[in-house]
2 protein chains.
Amino acid sequence: MNDATPKPEKSDGTVGRTLAVLDRVAEFGRPVRFAELLPVCDLPKATLYRFLQTLTNQGMLAFDEDRQTYRPGLRLVRLAHAAWAQSSLAPIAAPYLDQLSKETGQTLHLAQLDQGMVLYVDKRNASRPVEMFSQSGKVGPAYCTGVGKAMLAYLPEDALQNALTRQSFHRFTEHTLTDATSLRAELENIRKRGFAWDDEEHEPGIRCIAAPILSPQGRVLGALSITSGQPDGQKQLETYAPLILETAEKIAKAASDWRFPEQKRAD
Amino acid sequence: MNDATPKPEKSDGTVGRTLAVLDRVAEFGRPVRFAELLPVCDLPKATLYRFLQTLTNQGMLAFDEDRQTYRPGLRLVRLAHAAWAQSSLAPIAAPYLDQLSKETGQTLHLAQLDQGMVLYVDKRNASRPVEMFSQSGKVGPAYCTGVGKAMLAYLPEDALQNALTRQSFHRFTEHTLTDATSLRAELENIRKRGFAWDDEEHEPGIRCIAAPILSPQGRVLGALSITSGQPDGQKQLETYAPLILETAEKIAKAASDWRFPEQKRAD
DNA sequence: GATTTTAGTTTCAAATATTGGAACCATGTT
DNA sequence: AACATGGTTCCAATATTTGAAACTAAAATC
């Protein structure tokens, strides 16, 4: 949970404050009541009330009359379709993921960085599925996932700094790196190696190998991972190293051929 | 109070106007330049400029420095995940779609109404069974799709009226119904029959059978369709009628068991 | 069933952010 | 060099937002 904005970004006036409320609602992950929102929004009652009305009118939120709860609205799904198609690597990477999925039969994830967090933008399920965490649109921590570390490792210093300050370093498992220093050491290893491991750092029993997707200019576009839920995962995954690096390379190439825009910051 | 606001819509102040710009950007379906947006947004140059900056700051838009274009931002994907999980029928319906997919081997669509349009919230492909965001989030016309007509048929008169006024009745194929009168007649048939046909009304060669998903109170929650691209489609699809109705029923049941909220308006 | 509490809604004058015409700057074109 | 075109900045006028407080409805408690 990402509370108490110390002074991170400018509030962008009414619009920014209103959109912040939208985030608060989405964070709950379930329909919320006015009174639950009030303490986390840091707004006067009347103001929050007005914002919620506006968002509801706009279809950004849906309001349930019966239980008096708010939840994110369908308009977001419509808008996100456009975002996914245009701002994500997913459409470009799809054929390569299909290919890799066929070759490995494993679970694959394609992710990008958003606000210092890992945003999963596509996924391929293993032929023998492993029950786990992610889906498209879902977010996860950057410091303890393969894709997250792969991306952090190649961020320019200022963006990395920025991203690190947003992490809260929760210890998910006994392998989780819980401070910036050990994470930085790990990132150094990743750069030497060219790819990242997640050795049960986020979920027990779940390991993965992840490669960054870098633009020709070396900018971080995203990352790709192959996951294993098996005990001998690491050894098995190791054999995929050349394959995943090659695939990441191909995606990067395709992205720049498709003239995928360089982003100002991938933080 | 709640009296079917016949008035167009309130602009919801700055926030509403800013979000309208977001829609305009999304509608382009490709990165857009400032100058392209200016004519379609009906705003003074300086104002549009400010709105775009705000949205970009907020991550609702992404700006490509190189080509000076705006496109929907990844924040939307994050928000939409929450919307999809909470405001759509998809999570509840998923197991039933899986089952139906297995039983029929056909392409399935799950849709809901948003702003008088069909919003697809889930899909099963005939070939590649589990796919997500790629189609989810897409919108289509209500008056010439199976799912659209199935939902319109069970809307209360005021909501139907509202939805109809938003249609532009473009003739997609020679079978497309192009006016409200013939559509209303068709809706009457659908109510008698209990399900809807799309007989190449939207795309040539594409037929489908669709059933509405109705809450116990008879409110329209969504619709479900089975599609065929084969010449003898209709006959084949007809055999699925009992199955699709049964599945729609099960989804409706599951939705109300899960205490899926009644919506104020399903328009 | 009366009373208090909690949750949600409305009001309105004051405070402030928004507005947008116009000037400006940067690039590319004739 | 003059002229477009596309994008950015300024700033005074003004419409919009703001939020304390009053209010109402519905529960919870007495």
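Residue numbering restarts at 1 for every chain, and letters A, B, ... go by the order of the sequence lines.
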Undergrad: Check the side chains of A:Arg166 and A:Gln115 for a donor-acceptor pair under 3.5 angstrom, ignoring hydrogens and angles.
TA: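 Result is yes, a qualifying pair exists.
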Undergrad: Give, ordered by number, those residues of residues 26-35 of chain B having at least one heavy-atom distance below 4.0 Å to an atom of DNA chain D; if nothing qualifies, reply none.
TA: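 Heavy-atom cutoff 4.0 Å gives B:Arg33, B:Phe34, B:Ala35.
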Undergrad: Does a donor on one side chain and an acceptor on the other come within less than 3.5 Å for B:Thr176 and B:Arg171?
TA: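 Absent: no donor and acceptor within the cut-off.
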Undergrad: Rounded to the nearest Å, what distance is computed from the CG atom of residue B:Asp42 to the C1' atom of nucleotide C:dT19?
TA: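 Rounded to the whole Å, the gap is 14 Å.
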Undergrad: Please report the distance, rounded to the nearest Å, between CG in B:Leu38 and P in C:dG21.
TA: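 Atom-to-atom, B:Leu38 to C:dG21, this comes out as 11 Å.
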Undergrad: With sequence neighbours excluded, what pairs up with A:Arg191 under the salt bridge (Lys or Arg N to Asp or Glu O under 4.0 Å) test?
TA: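 Only A:Glu188 meet the salt bridge (Lys or Arg N to Asp or Glu O under 4.0 Å) criterion with A:Arg191.
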Undergrad: At less than 4.0 Å, is any side-chain N or O atom of B:Thr14 found next to OP1 or OP2 of C:dA17? Yes or no.
TA: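 So the side chain of B:Thr14 is outside the cut-off, no N or O lying under 4.0 Å from OP1 or OP2 of C:dA17.
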Undergrad: Among the nucleotides C:dG20, C:dT19, D:dG19, which one has an atom lying closest to any side-chain atom of B:Arg17?
TA: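 Closest nucleotide among those given: C:dT19.
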Undergrad: Send over the distance from A:Arg67 CZ to C:dG8 C1', rounded to a whole Å.
TA: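 Computing the A:Arg67:CZ to C:dG8:C1' distance gives 18 Å.
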Undergrad: Under a 3.5 Å cutoff, is there a donor and acceptor pairing between the side chains of A:Gln58 and A:Arg75?
TA: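 Yes.
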Undergrad: How large an angle, rounded to 10°, do the end axes of the helix from C:dG1-D:dC30 to C:dT30-D:dA1 enclose when each is built from five base pairs?
TA: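 The angle, to the nearest 10 degrees, is 30°.
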Undergrad: Would you please confirm or rule out a distance under 4.0 Å between OP1 or OP2 of C:dT9 and any side-chain N or O of A:Tyr49?
TA: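 So the side-chain polar atoms of A:Tyr49 do come within 4.0 Å of the phosphate oxygens OP1 or OP2 of C:dT9, strictly under.
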Undergrad: Whether B:Arg219 and A:Glu65 form a salt bridge (side-chain N of Lys/Arg under 4.0 Å from carboxylate O of Asp/Glu) is what I want to check.
TA: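 Result for this pair is no, no salt bridge flagged.
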Undergrad: Of the options C:dG8, C:dT10, D:dT18, whose atoms approach the side-chain atoms of A:Gln68 most closely?
TA: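 My answer, after comparing the listed nucleotides, is C:dG8.
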Undergrad: Distance check needed: C:dT10 P versus A:Leu52 CG, whole Å only.
TA: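 Between P of C:dT10 and CG of A:Leu52: 13 Å.
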Undergrad: Using atom CG of B:Leu43 as one end and atom P of C:dT18 as the other, report the distance to the nearest whole Å.
TA: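 It works out to 14 Å between those atoms.
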Undergrad: Between A:Ser87 and B:Arg71, does any side-chain donor sit less than 3.5 Å from a side-chain acceptor?
TA: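 Yes - a donor-acceptor pair under 3.5 Å links their side chains.
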Undergrad: Whether B:Arg78 and A:Asp114 form a salt bridge (side-chain N of Lys/Arg under 4.0 Å from carboxylate O of Asp/Glu) is what I want to check.
TA: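 Looking at A:Asp114 and B:Arg78, the cut-off is met.
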Undergrad: Expressed as a whole number of angstroms, how long is the span from A:Tyr70:OH to C:dA7:P?
TA: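 Taking OH of A:Tyr70 and P of C:dA7, I get 14 Å after rounding.
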Undergrad: Grab the CD-C1' distance between B:Gln53 and D:dG7 for me, whole Å please.
TA: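 It works out to 10 Å between those atoms.
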Undergrad: Quick one: closest heavy-atom pair of A:Glu36 and A:Phe28, and the distance?
TA: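 For A:Glu36 and A:Phe28, the tightest heavy-atom pair comes out as O-CZ, 3.9 Å.
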Undergrad: Distance check needed: C:dA17 P versus A:Phe51 CZ, whole Å only.
TA: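 After rounding, the reported distance stands at 12 Å.
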Undergrad: Describe, in one word, how the ring planes of A:Phe172 and A:His202 are oriented to each other, choosing from parallel (under 30°), tilted (30 to 60°) and perpendicular (over 60°).
TA: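 The arrangement is perpendicular - the two ring planes meet at more than 60°.
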Undergrad: Taking the nucleotide of DNA chain C with the nearest heavy atom to each, does B:Arg50 or B:Lys45 sit closer to the 5' end?
TA: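 Its nucleotide being nearer the 5' end, the pick is B:Arg50.
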Undergrad: Any side-chain N or O of A:Thr47 less than 4.0 Å from the OP1 or OP2 oxygen of D:dG19?
TA: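 Looking at the OP1 and OP2 atoms of D:dG19, one of them is under 4.0 Å from a side-chain N or O of A:Thr47.
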